[in-house]
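Any value given below was found using the heavy atoms of this structure, including those in side chains, with hydrogens, waters and symmetry copies removed. Counting starts at 1 for both ligands and their atoms, following the listed order.
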Amino acid sequence: MKIIIAGGGIGGLITALCLHKNGYDVRVYESVEKVQPLGVGINLLPHAVRILSYLGLSAKIAEKAVATEALVYANRYGQLFWEEARGKFDGYRWSQFSVHRGALHLLLYEKCLETLGEDRIFTNHHFESYEERGDKLFATFINHSLGKVQAQVEADLLIGADGINSVTRKLLYPNEGRIVFSGNVLYRGTAMLPPFLNAASMAMIGSMKQKMVVYPIEAVREESGLQLINWVANVKQDGAASRVRDWNRKVDKDFLLALYKDWSFDWIDVHQMIQASEAIYEFPMSDRNPLPKWSFGRVTLLGDAAHPMYPIGSNGASQAILDAAALTLALNTNDTLEAALRQYDSERIPATTQVVLQNRKKGPDSIMDLMEERFPKGFQKEEIPQEELQQIMKQYKEIAGFDQKTLNAKEETL
Ligand SMILES: Cc1cc2nc3c(=O)[nH]c(=O)nc-3n(C[C@H](O)[C@H](O)[C@H](O)COP(=O)(O)OP(=O)(O)OC[C@H]3O[C@@H](n4cnc5c(N)ncnc54)[C@H](O)[C@@H]3O)c2cc1C
């Protein structure tokens, strides 16, 4: 079966590796001219790392990443109220990794060039349209900057893995409304700083009105004792609805410095961290309403093209990786393409819909608002409602598919 993938991001490349490993004839067509290490930090949860392990990638990723040991929550005064172990430190068979998106992307790109071959990965090929004739599909790719046709490719299946502004999705749902804006804007950056806590913790500070997520994405450097720290500020800004969704849009740091001026705690100095960051990127936090169907004829959707979600609960890349595994398995185990795509849709649409909707309700981060509402001026240790917090965290893990018992019972296969 000849399969073409539109979009060589995290989801597209992992899908290519899964399909290739299972004997499919697969090609990837990426819009940009040159693959570059873009973005800032990203998290890979144990259920996705299981698939990366199956692909033989987890040792290589571990070299570039931090195996996250703990997740901690604190209020806007820096008072810690929740701590839980993560990944292998919590008894999962697989790690949770925090890694630079660009480093991960380049690693996947190089692995694809090496295993699929250079003649299977095309850059500067922007997917524009397709048509189905008889039992084949014909896709057209253009040189985006020149608007010139680059290639017309025949295939049995087209996978649209072309991200939050997906052309494939637009072709399948031409009348779908605009992206849904959350009312919050994310500001993201990285800085080389001394490690905080145990040098392997992810910290969530504040509430949904004004939040800061901080986690290291590289090991501590021996020569300087410093570590690359990733941060994401989440600020309520209703007026930002019309701003462009471009992961690489840079902004000035002055207003953030003013906003976080009092956030210097004995275990982390948020203000200094923003000050020490070279570039700051803006992204109006958005998603789309879940779809009832991803697969039509010889076309299907995957990753952010299928289910863009708020980056809460570390699930964006992880869910794309789960899609890749589910689609490959469905193709392996069904006699017809139609049956395989039906299985893929019926497995992955309900699962990702739940995560999209749960993230709109703040996902696990709802414990931050709970603490802010109950203790706006801070709390005494004995006032922390541990059982209530425990219940919220447990429920999210079940929804997102990384409930420990269920996951640990799985083999390291698709
Ligand atoms: C440049 C960039 C930076 C990002 N930075 C972050 C970050 O810092 N933190 C975070 O949580 N998430 C970030 N993301 C999003 C994150 O990678 C995804 O949410 C997640 O990994 C799911 O992956 P995906 O492959 O579905 O989408 P993406 O990773 O967005 O990949 C989509 C790919 O499709 C390509 N593409 C788009 N349109 C076409 C087309 N018509 N034809 C062919 N190719 C096309 C894009 O260039 C891109 O490579 C970033 C995405 C991008 C593209």
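- Checking each of Gln36, Glu30, Lys34 against Val32 for a side-chain contact (heavy atoms from CB on, under 4.5 Å) leaves exactly one that passes, namely Glu30.
- Set against the non-hydrogen atoms of Gly303, the atoms of ligand 1 under 4.0 Å away are 26 (O).
- The shortest contact between atom 1 (C) of ligand 1 and any protein heavy atom is with Asn248 ND2, 3.6 Å.
- In Gln390, the CD atom is not crowded: 12 or fewer heavy atoms of neighbouring residues, nucleotides or ligands sit closer than 6.0 Å.
- Residue Lys253 places its NZ atom among more than 12 non-hydrogen atoms of other residues, nucleotides or ligands, all under 6.0 Å distant.
- In the vicinity of Ala317, heavy-atom distances shorter than 4.0 Å reach the ligand 1 atoms 20 (C), 21 (O).
- Scanning all protein heavy atoms for the shortest distance to atom 51 (C) of ligand 1 gives Trp247 CD1, 3.2 Å.
- Residue Gly11 places at least one N or O, backbone or side chain, under 3.5 Å from an N or O of ligand 1.
- Listed by number with element, the atoms of ligand 1 under 4.0 Å from a non-hydrogen atom of Val167 are 41 (N).
- Backbone and side-chain nitrogen or oxygen atoms of Leu302 are examined, and none is located within less than 3.5 angstrom of a nitrogen or oxygen of ligand 1.
- In this structure, Tyr173 has its ring center under 6.0 Å from that of Phe296.
- The closest protein non-hydrogen atom to atom 45 (C) of ligand 1 is Ser31 CB, 3.5 Å.
- Aromatic ring orientation, His144 versus His126: parallel (interplanar angle below 30°, classes split at 30° and 60°).
- For atom 21 (O) of ligand 1, the closest non-hydrogen atom of the protein is Ile10 CG1, 3.4 Å.
- The aromatic rings of Tyr130 and Phe127 sit parallel, their planes meeting at an angle under 30°, below the 60° perpendicular limit.
- Both the backbone and the side chain of Val40 come within 4.0 Å of ligand 1, counting heavy atoms alone.
- Distances from ligand 1 to the non-hydrogen atoms of Gly41 include at least one value under 4.0 Å.
- Looking only at atom types and distance, the side chain of Asn234 has no donor-acceptor partner in the side chain of Gln210 under 3.5 Å away.
- From the protein, the heavy atom lying nearest to atom 11 (O) of ligand 1 is Ile42 CG1, 4.2 Å.
- Taking every non-hydrogen atom of Gly7 and a distance limit under 4.0 Å, the qualifying atoms of ligand 1 come out as 34 (O), 35 (C), 43 (C), 44 (N).
- Checked against the 6.0 Å centroid threshold, Phe255 and Tyr187 count as a close aromatic pair.
- An N or O contact shorter than 3.5 Å links Phe127 to ligand 1 by distance.
- Between His125 and Phe122, the ring planes are tilted. Angles from 30° to 60° get that label.
- Comparing Arg101, His105, Arg188 by heavy-atom distance to atom 50 (C) of ligand 1, the nearest is Arg101.
- Residue contacts with ligand 1, taken as heavy atom pairs separated by less than 4.0 Å, involve Ala161 solely via the backbone atoms N, CA, C and O.
- In this structure, Arg249 is not positioned above the aromatic face of Tyr281 in the sense of NZ or CZ being under 6.0 Å from the six-membered ring centre and within 45° of the axis.
- Contacts with ligand 1 closer than 4.0 Å are made by backbone heavy atoms (N, CA, C, O) of Tyr29 only, the side chain lying farther away.
- Looking from atom 22 (C) of ligand 1 to the surrounding protein, the closest heavy atom is Asp304 OD1, 3.6 Å.
- For ligand 1, the polar-atom distance check against Glu30 finds a nitrogen or oxygen pair separated by under 3.5 Å.
- Contact annotation: the side chain of Ile121 never approaches that of Arg27 to less than 4.5 Å [non-hydrogen atoms, C-beta and beyond].
- For ligand 1 and Gly39, the ligand atoms under 4.0 Å from any heavy atom of the residue are 3 (C), 5 (N), 8 (O).
- The protein heavy atom nearest to atom 37 (C) of ligand 1 is Asp162 O, 3.3 Å.
- Of all the atoms in ligand 1, the ones that sit under 4.0 Å from a non-hydrogen atom of His125 are 43 (C).
- If you look at Trp94 and His47, their ring centroids are not closer than 6.0 Å.
- Under a 4.0 Å criterion applied to the non-hydrogen atoms of Leu38, ligand 1 contributes the atoms 1 (C).
- A cation-pi arrangement is found for Lys21 relative to Tyr54, the charged atom lying closer than 6.0 Å to the ring centre and inside a 45° cone about the ring normal.
- The shortest distance between side-chain heavy atoms of Lys211 and Asp365 falls below 4.5 Å.
- At the top of the distance list for atom 33 (C) of ligand 1, counting protein heavy atoms only, stands Gly9 N, 3.6 Å.
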